[in-house]
Amino acid sequence: MNIIYHSSTRIFHLYNDRISYIMMILKNGHMGQLYYGKQIRDQEDFSYFMETCQRPMTSCVYEEDSSFSLEHIRQEYPVFGTTDYRQPATEIVQENGSRISDFTYRSHCICEGKPDLCGLPATYTETKDEARTLCITLKDDVTGVQAELYYTIFAKGGILARSVRFTNNGSKPVHLTRAMSLCLDLPDRDYIWQQLSGCWARECHIHTQKLEPGIRSIGSMRGNSSHEHNPFLVLKRPSTDERQGEAIGLSLIYSGCFRIQAETDAHDTVRILAGIDPETFDWKLDCGETFQTPEAVLVHTDQGLNHLSQTFHKLYQKRLARGYWRDRPRPILNNNWEATYFNFTQDRLIEIAAKAKECGVELFVLDDGWFGARSSDTAGLGDWTPNKDRLPNGIKGLADRIEALGLKFGLWFEPEMTNKDSDFYRQHPDWILATPQRNISQGRHQYVLDFSIKEVVDAIYEQMAQILRNAKVSYIKWDMNRSISECYSKAWPSDRQGEIYHRYILGVYDLYDRLTAEFPHVLFESCSSGGGRFDPGMLYYAPQAWASDNSDAIERLKIQYGTSMCYPISSIGSHVSVSPNHQVFRDTPLHTRANVAYFGTFGYELDLNRLTETEIAEVKEQICFMKQYRSVLQYGTFYRLKSPFEENVTAWMSVSEDQKTALVGWYRVLNVVNDRFTRLRLQGLNPNYRYRNSRTGTCHFGDELMYAGLITSDETAGQIPHGVTPYTDFESRIYVLEVVES
Ligand code: DGJ
């Protein structure tokens, strides 16, 4: 990996063995974008990539040069108001009302490794040789505002991380009303835009669209990254698929309001912008103050979507997630939410936990309802002290009993919220986000605490830390069950109200920072009514996240398949729940529920005491299986093979790093009568290794399994089988492939 500056041509070339990113200082001092894609060999001059011509009806920067119109120049960090009529990367409102700025190159520096982004989650390096960072300093003379553009190129993988830091070195305050994390101007629009969208219980569905002239955007104005749109985008060439072809992935390491958009102009140039949502953002930058944008990560591949995802998985698993749990197999848990909802006693919990222990579960998690006056969702949030009616011996007493059973104990919190019916709210009615003289909307009977105020974060931290200091809590599920409305903080002046959405998220990060620092061995799982905040910002603190409140195995095929586009399998919270399912009321076989949940953190969301003897025997086998293979399932290389968005059959697989073990998940939604013979072409195996197929006992070389395929034909379809239970709808299989000789 290298970063080269060619002073004669004023060109920067960042490259590793996969990608090149090339830009130059333009003649007006702005930064121009020349090339982003597969690595090309370095040379002194690439300036001819900056094609200009005189076009009718355009405004030009120079009187004597009618070809230099910013509207037609690909740029690194453009502004609006001069000759570029596309959406800008930044906008600065000045004292006189002007919004024009002119950021020109001043200097640059290159350092080994990667600097931290103060107060914000970001990818990191462990040794200096893992990455190199270029910082280009731009300045706007009129305001004195400086913008430092950061580019980190990693040694391995086609990865480039970008962010921007503003400093007001002028003599007057300004307002940053737009501060995107990156702009990427691409020279053509021959891309398919692919986003992960949905809503509560239907997160991360894949949607695609051809890029057409105009703006295509996703984002959130809800205060959380949202169920509706994940802060992730893929641009793929029309011929690209999972196995081959060129694609760019863009992921924003941020948990609040965001926007990612593509603007296709009249000459087919595409401007990608990603960062904090400008609509909900207005940051007053006083003299001497700095503002750091979140980080955006770009991944480029020429080897298809699986390779793109694997690059993100590895980066986010190893260099975004941190701490004790980063590399550890995740405990198999039993969560009581769908087993009891709010209706439990200590004895009932112990009963559930005891059965879980008997089956081999490792961690028992007590969900919502253990604190304050919380017997329904109308009361209690904010009072993080145990409800003595339900838990006479407090959290410590319960945790001790769970530990005595030989299980670890985990606990649910929703730290960012309060109910009006709580002591916390009664004592601090001013600590919620609320606009004076306006109706304050509730969501699930709760209100959002004003985490832009340090005192509020301190108070919640103290309550949570108190519990964690006194009881043996090994895991926290951190929930967040409503979006922000009427966003206003009484603690901040009128000209800083546009900062509150972002300050709120900074408060959330601060609380996470403090808790993970004081309790480094606690495993955090983030949650926001399922996947309402399943984003890389959260993964920095909590290495796993509850992917969806929809625990139905068939629904989960789409949710987990979509989520895997960006996020590692070790981060995807997935549980076996009861049948009929509580969200879609569908009956699915127990083995299918487990076969889907294996490709995630794995656990149970039910009371195992309610299962039959036969089912319990099956659960015990499932848990043994998961224990045996979880390191491959969670940390192996993951391949999507068949898409639930396209076919009746979904398939995916994980391969161990040494390629000696592979687990293939095969799922068929509806049964098919008299079906054709089917084969599944596997990926990631060693062509020269011979694998034993656990279902058939037969052995096959990797090349055969990858190029001819694994036979998945259904031997019972179309006839009454002899001695075999006929398959039904929602059938699934796991094929374990293990090397017999290498
Ligand atoms: C929403 C979560 O997604 C559920 O798993 C559960 O924890 C409930 N909140 C509890 O209120």
Side-chain angles (χ1 to χ4, degrees), residues 198-204 222-228 230 255 330 333-344 349 352 363-384 386-387 390 409-419 421-422 442-449 464 473 475-483 523-535 538 542 544-553 555-556 559-560 563 571-578 581-584 593 597 600-607:
C199 60
W200 175 80
R202 190 157 38 79
E203 297 88 341
C204 282
R222 296 169 170 270
N224 51 328
S225 49
S226 88
H227 299 89
E228 282 69 17
N230 198 273
S255 311
R330 302 303 158 76
L333 65 81
N334 189 175
N335 178 304
N336 77 308
W337 179 242
E338 287 196 19
T340 65
Y341 296 103
F342 291 110
N343 186 18
F344 61 83
L349 297 175
I352 297 173
L363 165 72
F364 174 76
V365 178
L366 171 54
D367 209 278
D368 195 352
W370 58 267
F371 49 90
R374 185 89 165 164
S375 53
S376 73
D377 60 14
T378 58
L381 291 174
D383 296 340
W384 301 109
N387 178 316
R390 288 175 173 203
F409 176 69
L411 197 56
W412 180 95
F413 284 92
E414 191 173 2
E416 301 153 62
M417 302 288 157
T418 191
N419 291 110
D421 186 1
S422 70
Q442 56 86 8
R444 208 193 186 203
H445 314 286
Q446 65 198 49
Y447 298 84
V448 185
L449 287 174
M464 292 178 77
V473 178
Y475 159 106
I476 286 184
K477 178 175 173 187
W478 178 320
D479 209 343
M480 194 276 189
N481 284 305
R482 67 157 289 186
S483 299
L523 171 61
F524 283 79
E525 175 155 350
S526 79
C527 174
S528 175
S529 292
R533 210 162 56 181
F534 200 129
D535 61 59
M538 286 290 117
Q544 58 190 59
W546 183 224
S548 178
D549 274 351
N550 194 336
S551 61
D552 173 73
E555 297 292 304
R556 277 297 188 118
I559 294 168
Q560 291 176 209
T563 305
S571 71
I572 301 178
S574 53
H575 300 167
V576 173
S577 61
V578 290
N581 169 269
H582 287 190
Q583 292 78 42
V584 292
R593 284 175 268 154
T601 57
F602 197 71
Y604 291 82
E605 185 92 11
L606 46 76
D607 180 352

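Remember, it's 1-based here, ligands and their atoms both numbered in the order they're listed.
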Quiz item: Does ligand 1 have a heavy atom under 4.0 Å from the side chain of N481, from its backbone, from both, or from neither?
Solution: side chain
Quiz item: Where does M480 meet ligand 1, judged by heavy-atom distances below 4.0 Å: at the side chain, the backbone, both, or neither?
Solution: neither
What atoms of ligand 1 come closer than 4.0 angstrom to any heavy atom of [X]?
{"X": "D368", "answer": "10 (C), 11 (O)"}
{"X": "W546", "answer": "3 (O), 5 (O)"}
{"X": "C527", "answer": "2 (C), 3 (O)"}

Exercise. Examine ligand 1 and decide if any of its atoms is less than 4.0 Å from a heavy atom belonging to E605.
Key: no
Quiz item: Below 4.0 Å from any atom of ligand 1, is there a heavy atom belonging to K477?
Solution: yes
Quiz item: Is S528 in polar range of ligand 1, meaning some N or O pair under 3.5 Å apart?
Solution: no
Quick one: do [X] and [Y] make a salt bridge, cutoff under 4.0 Å?
{"X": "R482", "Y": "E414", "result": "no"}
{"X": "R222", "Y": "E228", "result": "yes"}
{"X": "D549", "Y": "R556", "result": "no"}

Quiz item: For the residue pair W370 and F342, is the inter-centroid distance of their aromatic rings smaller than 6.0 Å?
Solution: no
Self-check item: Flag for S483-N224: side-chain donor and acceptor within less than 3.5 Å
Solution: yes
Quiz item: Are any of the side-chain heavy atoms of K477 and F413 separated by less than 4.5 Å?
Solution: no
Quiz item: If we only count heavy atoms from C-beta on, is the I352 to T340 side-chain gap below 4.5 Å?
Solution: yes
Quiz item: Among Y604, F602, W546, which one satisfies ring-ring contact (aromatic ring centres under 6.0 Å, His included) with H575?
Solution: W546
So which heavy atom in the protein is nearest [atom], and how far is it from that ligand atom?
{"atom": "atom 6 (C) of ligand 1", "value": "D367 OD1, 3.3 Å"}
{"atom": "atom 9 (N) of ligand 1", "value": "D479 OD2, 2.7 Å"}
{"atom": "atom 4 (C) of ligand 1", "value": "D549 OD1, 3.4 Å"}

